[in-house]
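Side chains are part of it too, since the values below use all heavy atoms of this structure and drop only hydrogens, waters and symmetry mates. Atoms within a ligand are numbered from 1 in the order they appear, just like the ligands themselves.
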Amino acid sequence: MSLFRTSIIITSLLALSACEVTSNGDDPTVENDPTKDLGILWVKHSAEYRAITTQVYRDATDDLPGFIEDKTWSVLAAHADPSALPPAVILDVDETVVSNVNFQLTFERPFANHKLDTWAANTPALPVAGVKSFVGTARALGATVFFVTNRPCQPKAGTDDPCPQQQTVVDGIHEIGLEVDADHVMLAGEQPGWDREKQSRREFVAQTHRVVMLIGDDFSDFAPCVRDEPHGACTEAATRASRRETLEKYQGLWGNGWYILPNPMHGSWTSVE
Ligand SMILES: [Mg+2]
């Protein structure tokens, strides 16, 4: 068989295999079918995904004692005098603490926050591998743990609670075996100025704590002004180019105060151009 013909056969086989499992919607017969989304399947089934989250949390755990000991260390520039403040770590929630992969596999498109809230309120939460051990160690070392999520506060039929979604998040964290109260779970819109740009909530924590570590699965869990909708001090929508510049700006913090987990299923990167 000629080399040319062999290469055509290999190319055809690769194309067929891409049709069977794809995440880019190139094949209209599988577009929007979550059961064929390679990213969701990877999170659901692969040992590699669990290995990576375990590795990230282990690295964070190993680094934490040094950051707590060094009273000058902070990952937020807003501190006037961080050395006088008690240490804290900030974690995102979805795909950082609890896994929503089963929601991703089953929810009726398009996404809406109330769908996730309803699903989470009726489905036992699953932990992201490594998080329970990390949070246990952080607390044993004296760090306060805050959970900052972009699940929004929204009115809900049958209750006067302005943020009934907060209890859903608190319950989910309890379900994976971690203690937490509502004061340490901060939702989007819970207080004036707490928009989807998480920087305002990070700075709120930094008023009372020396924030030694951030953990999340989205660029916006770490850096300001990387979303498509500008809020707060951000005056322009982020672009792919501006996000790359921001990536460079904070290069020294990855794996050194900032710890990012993989999420091939969704994220703020999908809506910037
Ligand atoms: Mg997340």
Side-chain angles (χ1 to χ4, degrees), residues 23 34 37 39-40 42-44 49-50 52-57 60 75 89-105 107 111-117 119-121 123 125-132 134-135 138 145-154 165-166 168-173 175-176 178 180 184-190 194-202 205 211 213-229 231 238 243 246-247 250 253-255 257-272:
S23 61
D37 185 294
I40 297 175
W42 184 73
V43 172
K44 174 70 178 176
Y49 170 68
R50 283 159 188 76
I52 291 173
T53 66
T54 300
Q55 174 180 301
V56 169
Y57 274 117
V75 293
V89 298
I90 298 177
L91 289 88
D92 169 55
V93 175
D94 293 312
E95 320 312 338
T96 297
V97 175
V98 299
S99 169
N100 296 338
V101 65
N102 289 333
F103 172 75
Q104 293 297 326
L105 275 169
F107 83 94
F111 174 81
N113 282 296
H114 70 86
K115 295 178 184 177
L116 175 58
D117 180 65
W119 177 85
T123 311
L126 298 172
V128 171
V131 68
K132 289 174 64 177
F134 170 79
V135 169
V145 181
F146 290 90
F147 299 88
V148 174
T149 174
N150 266 357
R151 289 203 212 174
C153 296
Q154 292 176 325
Q165 294 78 17
Q166 186 174 49
T168 309
V169 180
V170 168
D171 288 346
I173 296 170
E175 284 164 14
I176 65 166
L178 292 173
V180 73
H184 295 85
V185 176
M186 304 160 75
L187 277 72
E190 187 185 336
W194 289 10
D195 46 47
R196 289 174 60 76
E197 171 59 60
K198 289 185 172 181
Q199 186 70 7
S200 56
R201 280 172 281 168
R202 289 192 284 267
V205 174
V211 180
M213 193 173 272
L214 304 176
I215 302 181
D217 64 283
D218 192 287
F219 202 0
S220 63
D221 296 328
F222 306 89
C225 308
V226 298
R227 305 183 64 86
D228 66 332
E229 297 170 345
H231 290 287
R243 292 175 118 242
T246 306
L247 191 68
Y250 295 105
L253 284 165
W254 297 115
W258 288 6
Y259 300 83
I260 192 162
L261 299 151
N263 180 359
M265 303 184 293
H266 56 82
S268 59
W269 70 273
T270 61
S271 51
V272 301

Under 2.8 Å from the Mg ion (ligand 1), the protein N, O or S atoms found are Asp92 OD2, Asp94 O, Asp217 OD1

Sorted by chain and number, sequence neighbours left out, ring-ring contact (aromatic ring centres under 6.0 Å, His included) with Phe134 holds for Tyr57

Applying side-chain hydrogen bond (donor to acceptor under 3.5 Å, both in side chains) to Asp218 and not counting sequence neighbours gives Ser220, Ser268

- Donor-acceptor contact present, side-chain Lys198 to main-chain Val148, <3.5 Å: yes

Those residues at least two apart in sequence (or on a different chain) that pass side chain to side chain contact (heavy atoms under 4.5 Å, CB included) with Asn102 are Lys44, Leu105, Trp119, Leu126

side-chain hydrogen bond (donor to acceptor under 3.5 Å, both in side chains) with Thr96: of Thr53, Asp217, Asp221, only one passes, and it is Asp217

Between Asp117 and Arg151, does any side-chain N to carboxylate O distance fall below 4.0 Å?
no

